[in-house]
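Right, one structure below, let's go through it.
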Amino acid sequence: METKSYTGTNYRDIMNRIKRDFGEEAIIVKSGRQNHPAGSEFGWSYEVVVGQSAESTVISPGVFGSTPVQAASDQRETATLQVDMKRLTQSIQDLQQQMGTPGLKPPWPVLADLAQKLLLGEVNHDVIQKLLQDLQMSATPRELRSRSLIQERASRWIARRFKAAGTPSAPAGTALKLAFIGPTGAGKTVSLIKLAANRAFFGGRRLGILSLDTKKLAAAQQLQLFADIVKADLKLVYRDREIKPALRDLEQCDVILIDTPGISWRAGRQMREMEKMLELAAPAETHLVLPLNTKYSDLSQMVREYRQISYNRILLTKLDETGTLGNVLNLASDIKPVFSFLGSGQRIPEDLLSMRPAQIAAWLLEGKGFAVKDQ
Ligand SMILES: Nc1nc2c(ncn2[C@@H]2O[C@H](COP(=O)(O)OP(=O)(O)OP(=O)(O)O)[C@@H](O)[C@H]2O)c(=O)[nH]1
Ligand SMILES: [Mg+2]
């Protein structure tokens, strides 16, 4: 039997190389491990010796299976593999604890630096742990030693967590209705105005604005002023029964932006009233507007509680008012919503960005957050 020896510090990588070279007929003759040459704190160094026999392919199929003697040996190897994989997983789980313990080096310093940066960016521990596990499982030892290669992999991993809505598009023949809901002062009205005023979003389209937030006198005046500037038709609605007629008045518009009063997710009556109003307005897109400078426990609670109003987008504002962007990734990982836009300041219209996952990843990995332009 011909044999070949494979060594390395990543068991999965070794197995992949064996499969590539020997296909399904590989027989593991010997497998063992010893401390990493750089020191035991860097994990294990593995050696797997593989052989290929002509009979084995006839007698028994299976990934590494062959003769009965070989099958017993295979079971032992599989058990070793499982133990080794368990140990790898455990060592990653220990990583964060080790980082806080002076004198103990984590298995891969590059991963430890990455974890540290994300922790400082207020990314939740469980999200970082999942990222480290996935990196350690999938990256080669060469990548695990290289800051830039790990950064690239981490960037792709982070970007994949996000679902981005893309630019809203109106179905032919009907007005596209977009509603903005959320807590008071979140930036609903200003985001709506930024969208209306930015030609990149609805340039050349006939715009209508429907305001359900008519209890505040100043709010209606502010909206009228902006509606005039962006040449949008504005309808103010004071009672539920006025919603459908107001929408009929706006039916010539291509896009109708619906402003709503701020409501607290903890106020059941307000939530039910809003649900009823939105049922009447029937928007295609309902954007839950949330300010990013809110602590994560409240943010995640809001994202869950507002679900009873059936929103289908999240629009995050005040990117410029937080020093850490971890909450964006935390939301993406925990709740997996569709993100639409990001409010990044008070300027109209330029401070509204489309959600770009790669950009979020870059901000998080640079560890600097969103760069505010001082004016
Ligand atoms: N820095 C910063 N301020 C913002 C952003 N978006 C909105 N604001 C400000 O937040 C304040 C509240 O914005 P509004 O749009 O009135 O908030 P709202 O959600 O409509 O508030 P209510 O209608 O009272 O519920 C205003 O001063 C806005 O200029 C943002 O992305 N960054
Ligand atoms: Mg408002």
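For ligands, and for the atoms within them, numbers begin at 1 and follow the listed sequence. All values reported here derive from a predicted model rather than from experimental measurement. Hydrogens, waters and symmetry mates play no part in the numbers below; they use all other heavy atoms, side chains included.
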Hey, is ligand 1 close enough to [X] that some N/O pair sits below 3.5 Å?
X      : value
Pro261 : no
Thr260 : no
Leu319 : no
Lys188 : yes

Those atoms of ligand 1 less than 4.0 Å from some heavy atom in [X]:
X      : answer
Thr184 : 25 (O)
Ser344 : 31 (O)
Gly262 : 25 (O)
Lys216 : 22 (P), 23 (O), 24 (O)
Asp213 : 23 (O)
Gly343 : 31 (O)

Point to revise | Val289 to ligand 1, any heavy atom closer than 4.0 Å | key: no

**Study point:** Within-shell test, Asp351 vs ligand 1, heavy atom, strictly < 4.0 Å
**Key:** no

[atom1] of [X] to [atom2] of [Y]: how many Å apart, nearest 0.5 Å?
X      : Y      : atom1 : atom2 : result
Ile181 : Ile309 : CD1   : CD1   : 4.5 Å
Phe180 : Asp259 : CZ    : CG    : 8.5 Å
Leu319 : Leu325 : CG    : CG    : 5.5 Å
Leu236 : Gln224 : CG    : CD    : 6.5 Å

Point to revise | Heteroatom N/O/S of Thr184 within less than 2.8 Å of the Mg ion (ligand 2) | key: no

Review point. Given Leu131 and Leu111, is the side-chain contact (heavy atoms from CB on, under 4.5 Å) satisfied, shown in steps?
Key: CA-CA 10 Å; Leu131 167 65; Leu111 289 189; over 6 Å; no

Point to revise | Cation-pi check, Arg161 onto Trp157 ring (under 6.0 Å, within 45° of axis) | key: yes

Practice item. Have a look at Leu315, Leu292, Thr189 and point out the one with the heavy atom closest to atom 16 (O) of ligand 1. Key: Thr189

Practice item. Side-chain contact test, heavy atoms from C-beta onward, threshold under 4.5 Å: evaluate it for Phe339 versus Lys163 and give yes or no. Key: no

Check your understanding: Where on Lys318 is there a heavy atom closer than 4.0 Å to ligand 1, on the side chain, on the backbone, on both, or on neither?
Key -> both

Review point. At a non-hydrogen distance cut-off of under 4.0 Å, which region of Val190 contacts ligand 1 (side chain, backbone, both, or neither)?
Key: both

Review point. Is a donor on one side and an acceptor on the other found under 3.5 Å between the side chain of Ser340 and the backbone of Ile314?
Key: yes

Study note, to complete from the structure: Exactly one candidate in Gln133, Arg153, Glu143 meets side chain to side chain donor-acceptor pair (under 3.5 Å) with Ser138; the answer is Arg153

Check your understanding: Which word best sums up how the rings of His287 and Phe341 line up, parallel for under 30°, tilted for 30 to 60°, or perpendicular for over 60°?
Key -> parallel

